[in-house]
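What follows is a single structure, written as structure tokens, with notes after it.
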Amino acid sequence: MRRLGRSDPKRVLLVDDEERILTALCRSLRREGYELVTAQTPREALKRLAEQSFDAVLTDHKMPRMTGVELLAKVARLQPNAARLLITGWSQAVSDKEIEAIEIDAVLPKPWEDSELKDALRKALG
Amino acid sequence: METTPSLVRIVVLTRAEGRESSRDTLDALTQLGGDVEIELVRDASACLAAASGGKVDAVLLDRASREVCAPVLQALGRAGPPIIIVTDDAGEGPALDAFRSGAADCVRVGPDYADVLPVVVLEQLQRWRKQRARGVAERRIRDLQRYNDDIIQNLNSALLVVDRDGCIVTANTTAEEILAPGPGGLVGRSVWEWLADQTPEQSVIGQTLNEGVRFKGAETKIRLPDGSVIPIGLSCSPLGADTDDDPAAGSSGRGAVAIFQDLSEMKQLERQVRQTEKMASIGQLAAGVAHEINNPMGFIHANLFQMTEYLGDLRQAWERVEDLQKVIHDLAAGDDPGAGLKAIRTASDALSATARELDLDFVQTDFAKALRESQDGAERIRHIVKDLRDFSHQGSDECIEADVNECLDSTASIAWTMMKHSVVLEKEYCDLPPIRCYPAQLKQVFMNLLVNAYQAIEEKLGDGGGTGRMKIRTEERDGGVSISICDTGNGIEPQDVNRIFDPFFTTKQVGAGTGLGLATSYSIVRRHDGRMDVSSEPGEGTTFTIWLPFSGPAAL
């Protein structure tokens, strides 16, 4: 679904250490019209962030050596205009304080509902 | 033979006529030498009064009449000091009467009287002294016996003495309570009646009796009369004067003495501790395991949704196929070929358009891919749940043949869920024959060591990130299996190495562990008749090595 007035598709960075989760996320978002870029480690994600600008970053929380919350904090500094979304199976991943401090746009549960995911992204990008 | 005693007290019952009538007796008695105290009395009651109190060494009835002697003899005859009768009657009759009535000796007054009397009195005095000494000794023996009995009966442990055939000779109250022999008690029964699945030669007591082996705290089982089997801790030693001197003799002399306790309660507590430890280690892994289940659930769930959409797309395409089919059918049945062919083209175009719109090629490939990925995900969940269930399972108390590699690997895959972010795990399994063991307990030991290794690595890495290395290895050695788990964690300080197997010793923070993990693991390995060692380099890493014999726990 394209945003009126913008000809370029929105670029979304998907970060999760589980490859099949990334595949599944791409499947869910296939028809949304986004340019999807994936990264399997926080380090890889930071590399991508250094190379291009993103309209949104959607990340898992439990990852090797850096959590999703820590990554989003970095994103807030590196690309403050990018929307920040967390998707996690761990309900205590992030406190309300942190959500405010880092300005996280949405926290999605894992497993996620297809419609919930699409709506959250649309809202964050809209 | 002693000569004269120290102080001798003699009571002399004389005739009514008075002192002078016993002149010869008194003179004769001076020949005894030493300290002799003589009390002269004139009637039976005075005699008895003087002789009571136990301080008199002899009583002389000096030519007193039978009526006077009779009460004295009756009262003192059997249980008092010796009574010597002096008579001037001729013949054996009076002497025999005297002995029958309880006199110790009889002296006839004659020409040798002055020589004979002291000898007789002396002899009786010595006999009387020996008797009293024996009485004291007998009392002492009885007291000692009672003392020993008290000790034996009041022991908290059960005590049995058996003869060399295994017949029970002595048993204390605790033994009666534990063995429950029923009416008649234990003494006289055969101790082999309580064996559980063993021959007498195989049993602990049997080995003590046949080979003189001493056992201390041996764990074995016995069968009670009601059929139940209980574990006992048994110490057994041979009883016999020759045992120490002649070990080659083999037999145990008099028999064996065994002390034992019922270990049922202790075993129950041990089981509880093991289960608690196991649950504690599962608790440590819960987050990792949940993640390991939740992630596959995530993509399975999403894929199922997508596959439903794909199915919808395929249905849509199929509708176009059906349209085309219908048109072909109508053409075949109809009479206007021109119009029919046009219709076919239209329908065919519609099908192509739909296929393009829906990107059917992609849908078909991706559908298959999504299905495969979901199947893999489901398999992963199945596997982790199975490993977890196997690990949590109480485990029967039976010793069975099991594959150590499989035990180790299944435990490692559970622990892996927690470790995978910060540990590179190397596995080196050797081909191993099965060993006799309690697999659930072994898995618990492996889990404990893996978790400890992981925590050591985490501590060393700190907040810095990076990875540590862990290596698990199995190999065959010395008639058993050697399993080693080494890590590149922060190691153990030399002063702590000897204490790490102590219960409740821990280097972790308060609340971070029960402190019982290694102690429980150590006791499990010992139960398997195995060994557990550790070597560590502070700052570099630690290696735990377990060795287990193929034959498993020694059967007792």
Side-chain angles (χ1 to χ4, degrees), chain A residues 14-33 36 38 40-46 58-71 73-74 85-94 107-121, chain B residues 286-313 357-360 362-363 365-381 416-424 457-458 461-468:
Chain A
L14 303 169
V15 190
D16 197 304
D17 57 333
E18 175 83 56
E19 198 188 333
R20 291 196 170 118
I21 294 269
L22 290 172
T23 317
L25 285 168
C26 288
R27 271 191 195 112
S28 296
L29 298 172
R30 179 172 71 106
R31 291 205 171 112
E32 294 294 288
L36 300 171
T38 61
Q40 241 182 297
T41 65
R43 182 185 275 176
E44 214 188 306
L46 289 170
L58 170 64
T59 176
D60 181 25
H61 180 61
K62 285 278 207 174
M63 290 186 294
R65 268 152 274 126
M66 191 192 299
T67 66
V69 172
E70 287 163 355
L71 177 60
K74 287 198 157 70
L85 300 100
L86 193 68
I87 181 166
T88 176
W90 196 31
S91 51
Q92 280 119 358
V94 60
V107 177
L108 295 161
K110 210 193 256 186
W112 64 90
E113 286 308 318
D114 203 71
S115 51
E116 230 187 301
L117 173 68
K118 290 178 184 158
D119 286 345
L121 257 180
Chain B
V289 169
H291 186 260
E292 189 60 14
I293 293 177
N294 209 41
N295 256 11
M297 270 315 294
F299 61 77
I300 291 173
H301 184 81
N303 289 347
L304 284 173
F305 186 85
Q306 282 309 306
M307 289 191 283
T308 316
E309 302 238 315
Y310 289 165
L311 192 55
D313 293 347
E357 255 169 54
L358 296 172
D359 199 352
L360 270 191
F362 174 79
V363 166
T365 341
D366 206 41
F367 197 156
K369 191 158 170 257
L371 205 45
R372 258 195 327 271
E373 286 169 3
S374 304
Q375 278 171 328
D376 284 347
E379 178 56 32
R380 254 166 70 183
I381 293 179
W416 178 239
T417 66
M418 180 182 59
M419 304 189 305
K420 60 184 180 180
H421 292 160
S422 44
V423 172
V424 172
I457 290 177
E458 280 285 291
L461 292 178
D463 292 325
T467 49

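All of these numbers come straight from a predicted model, not from anything done at the bench. Letters A, B, ... mirror the listed sequences (proteins, then strands); counts begin at 1. Any value given below was found using the heavy atoms of this structure, including those in side chains, with hydrogens, waters and symmetry copies removed.
What you find for B:Asn295 and A:Asp16 is that their closest heavy atoms are ND2-OD1, 4.3 Å. When every heavy atom of A:Trp112 is checked against every heavy atom of B:His301, the shortest pair comes out as O-CD2, 3.2 Å. Nearest heavy atoms, A:Gly89 versus B:Asn294: CA-ND2, 3.1 Å.
For A:Met63, the part lying under 4.5 angstrom from a heavy atom of chain B is the backbone only. With a 4.5 Å cut-off on non-hydrogen atoms, B:Ala370 touches chain A through its backbone and its side chain both.
Around atom NZ of B:Lys420, more than 12 heavy atoms belonging to other residues, nucleotides or ligands sit under 6.0 Å away. Sparse packing is recorded around CD of A:Glu19, with 12 or fewer heavy atoms of other residues, nucleotides or ligands lying under 6.0 Å away.
The distance from the CZ atom of A:Arg20 to the CG atom of B:Asp376 is 4.0 Å, given to the nearest 0.5 Å. Once rounded to the nearest 0.5 Å, the distance linking NE2 of B:His291 with NE2 of A:His61 reads 9.5 Å. One finds the OH atom of B:Tyr310 at 5.5 Å from the CZ atom of A:Arg27 (value rounded to the nearest 0.5 Å).
By the side-chain hydrogen bond (donor to acceptor under 3.5 Å, both in side chains) test, A:Asp60 is found to be paired with A:Lys110, residues two or more places apart in sequence or in another chain being considered.
Of the listed residues B:Lys369, B:Gln306, B:Glu309, the one with more heavy-atom pairs under 4.5 angstrom with chain A than any other is B:Gln306.
Annotation: side chain of A:Thr23 is not in contact with side chain of B:Asn303 (no heavy-atom distance under 4.5 Å).
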